[in-house]
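Keep in mind that this is a model prediction, so the values were computed, not measured. In what follows, residues are counted from 1 in the order of the sequence shown.
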Amino acid sequence: YSSIYYDYLLLGKEVILFPFDKVRYLNEDRGFIEDFDTAMPGKRVYSIPELMESLTQENFLSPDELAKVVEDKWGCYSGNAVDDILKLIR
């Protein structure tokens with residue numbers, strides 16, 4: 001339930017989602033801004049044995065899945081944020 005998920009995706013890192021406390025988080029905490037199951041695609045595990053098994057496998061999103069997440073969140077993401085901001089300022 002953290003933006004670290006998106007940081008890792010943009011860096012091309014593997015992501016495993018382990019929402020062990022999802023129900024409690026929804027019922028007793030802030031809840032989600034977006035639907036967790038659709039807004040955050042990727043490998044999900046629901047138990048420690050599943051997590052341990054997933055750690056021995058590759059857990060990358062497909063290029064199409066990654067492109068969709070980037071497009072949905074940021075539109076056109078160039079990977080050159082500092083240069084893009086400097087162009088806007090000048």
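- Remark: Tyr6 engages Trp74 in a ring-ring contact (aromatic ring centres under 6.0 Å, His included) (not counting sequence neighbours).
- For the pair Val15/Leu61, no side-chain contact is recorded, criterion being any heavy-atom separation below 4.5 Å from C-beta on.
- Taking hydrophobic clusters as Ile, Leu, Val, Met, Phe, Trp and Tyr residues chained together by side-chain heavy-atom distances below 4.5 Å, Leu11 does not share a cluster with Leu66.
- Other residues sharing a hydrophobic cluster with Ile85 under the 4.5 Å side-chain heavy-atom criterion for ILVMFWY residues are Ile89.
- Annotation: side-chain contact (heavy atoms from CB on, under 4.5 Å) contacts of Lys68 (sequence neighbours excluded): Asp72.
- Hydrophobic cluster membership of Val82, counting Ile, Leu, Val, Met, Phe, Trp and Tyr whose side-chain heavy atoms lie under 4.5 Å apart directly or via other members: Leu86.
- Annotation: side chain of Ile48 is not in contact with side chain of Phe20 (no heavy-atom distance under 4.5 Å).
- Taking 4.5 Å as the limit, every side-chain heavy atom of Leu9 sits out of range of all side-chain heavy atoms of Val70.
- Screening residues 40-51 for salt bridge (Lys or Arg N to Asp or Glu O under 4.0 Å) gives Asp37-Arg44 as the qualifying pairs, with residues at least two apart or on separate chains.
- Here Glu58 pairs with Glu14, Phe60 under the side-chain contact (heavy atoms from CB on, under 4.5 Å) rule; sequence neighbours left out.
- In terms of heavy-atom proximity, Ile16 sits nearest to Ser54 at CD1-CB, 3.8 Å.
- The environment of Tyr5 atom OH is dense: over 12 non-hydrogen atoms of other residues, nucleotides or ligands sit within 6.0 angstrom.
- Not one N or O on the side chain of Asn80 forms a donor-acceptor pair closer than 3.5 Å with the backbone of Asp83.
- The shortest non-hydrogen separation linking Phe18 to Tyr46 is CE1-C, 3.8 Å.
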